[in-house]
Number of protein chains: 2
Amino acid sequence: MMERKEHLFTVFEGLFKIKSDCSCDIFSGCGLSDITVKQIGYLKTIDEHGEVTFSKLAKITRNSKPTITEMVRKFVQMECVYRERSSDDGRIFYIRLTEKGQIIARSEQNSLLKLIEKMAESLDEKDMDDLIQILRKVR
Amino acid sequence: MMERKEHLFTVFEGLFKIKSDCSCDIFSGCGLSDITVKQIGYLKTIDEHGEVTFSKLAKITRNSKPTITEMVRKFVQMECVYRERSSDDGRIFYIRLTEKGQIIARSEQNSLLKLIEKMAESLDEKDMDDLIQILRKVR
DNA sequence: GATAGTTAGTTAGGTGCTAACTAATTATAT
DNA sequence: ATATAATTAGTTAGCACCTAACTAACTATC
């Protein structure tokens, strides 16, 4: 039993490594190797709330409006977001993710997808079905 | 095939979540919920090099000695390391990990181990063997 | 004299704040 | 309908704190 655990450990260690490498590739592919965890978190928040204004983001993240202004300025500079003026209210700007911003915001899913792709390349359909059946039992 | 990938995605998403939660538990269990990625990295470096002095750590990490002094001061404060004076040379201090420091340094392995334990609880021996056989094919 | 580690002072960048402001909208009075 | 007061959206300026790192100078030890 101990040996099985060791083998499992080794095998999963490898999987986690692959995913981590995919993640790094995503960031450096976007020219953002040193983006911070906080910044990624904020991009995810913007992604999760489709229609987000400065005031709304300030409320969601519990930050002040000037903080959001500065953050968005940086993201614009990094080409992760852009401002879109509302047609209904001349004061309002929506914060929109660029293509790059979306990639970063979804880096977690994207790197996991890459891992799944890699697995699909190496495994046949039976293997995958078995894998799904087995792993479904883990809570 | 697409459906299999989706199922795999879902199942692995769950596994990654479990591991991530284990990781967070480890840090907050040590009273270090807000330890930085850099700090964890340095503790790992200290862990990997058994016998490490200030000069050596400065060399390994490509930092200046005062930087190491300050970093170690913080880690001492966080109760992650302690200084051990060399008996051979009064100038030399070894940087040693405390129990807590070791836990943090090995948080990656520890959280993965917790995940493996959790899996061992849910799976019988055949399942585990199958799992190992299947996942071994992934490169 | 050379080396191990420390202290003093500094810089850069991330993260966040308050106070004050402009521009735009809404509410109210006439 | 128009004018004015009040409110709201977002910005600018200045500041604070933190992490991470540096150089210069120093003390202790070999």
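Throughout, a chain's letter reflects where its sequence line sits, starting with A, and its residues are numbered from 1.
Across the interface with DNA chain C, nearest-nucleotide mapping of A:D89 and A:R62 shows A:R62 to be the residue nearer the 5′ end. When each of A:D88 and B:S55 is assigned the nucleotide of DNA chain C with its nearest heavy atom, B:S55 is the one assigned upstream, toward the 5' end.
Residue contacts shown for A:K38 are limited to sugar-phosphate atoms, with no base heavy atom under 4.0 Å away.
Contacts between residues 39-49 of chain A and DNA chain C, defined by a heavy-atom separation under 4.0 Å, are made by A:Q39, A:Y42. Near DNA chain C, defined here as any heavy-atom distance below 4.0 Å, the residues from residues 64-73 of chain B are B:K65, B:P66, B:T69, listed numerically.
In this structure, B:K17 does not pair ionically with A:E108, as no charged nitrogen and carboxylate oxygen lie closer than 4.0 Å. Under the 4.0 Å criterion applied to side-chain N and carboxylate O atoms, A:E70 and A:K65 are not assigned as salt-bridge partners. A:R91 and A:D89 are joined by a salt bridge, as a carboxylate oxygen and a charged side-chain nitrogen come within less than 4.0 angstrom of each other. The pair A:E48-A:R106 does not meet the salt-bridge criterion, since no charged nitrogen lies less than 4.0 angstrom from a carboxylate oxygen. Looking at A:K5 and B:E117, a side-chain N of the basic residue comes within less than 4.0 Å of a carboxylate O on the acidic one, giving a salt bridge.
Along DNA chain C, the stretch of nucleotides lying under 4.0 Å from any heavy atom of chain A spans, 5' to 3', C:dG14 to C:dT25.
Connection of B:F93 to B:M71 is established within a shared hydrophobic cluster, with ILVMFWY side chains joined at heavy-atom distances below 4.5 Å, either directly or through further cluster members.
Through direct or relayed side-chain contacts under 4.5 Å between Ile, Leu, Val, Met, Phe, Trp and Tyr, A:Y82 connects to no other residue. Other cluster members for A:Y94: A:I92, joined by side-chain heavy-atom distances under 4.5 Å among Ile, Leu, Val, Met, Phe, Trp and Tyr.
Applying the salt bridge (charged side-chain N to carboxylate O under 4.0 Å, His left out) rule to pairs touching residues 23-42 of chain B yields nothing, sequence neighbours excluded.
Side-chain contact check for A:Y42 and A:N63: at least one donor-acceptor pair (N or O, by modelled atom type) lies under 3.5 Å.
In this structure, B:N63 atom CG and D:dA20 atom P are separated by 10 Å, rounded to whole Å.
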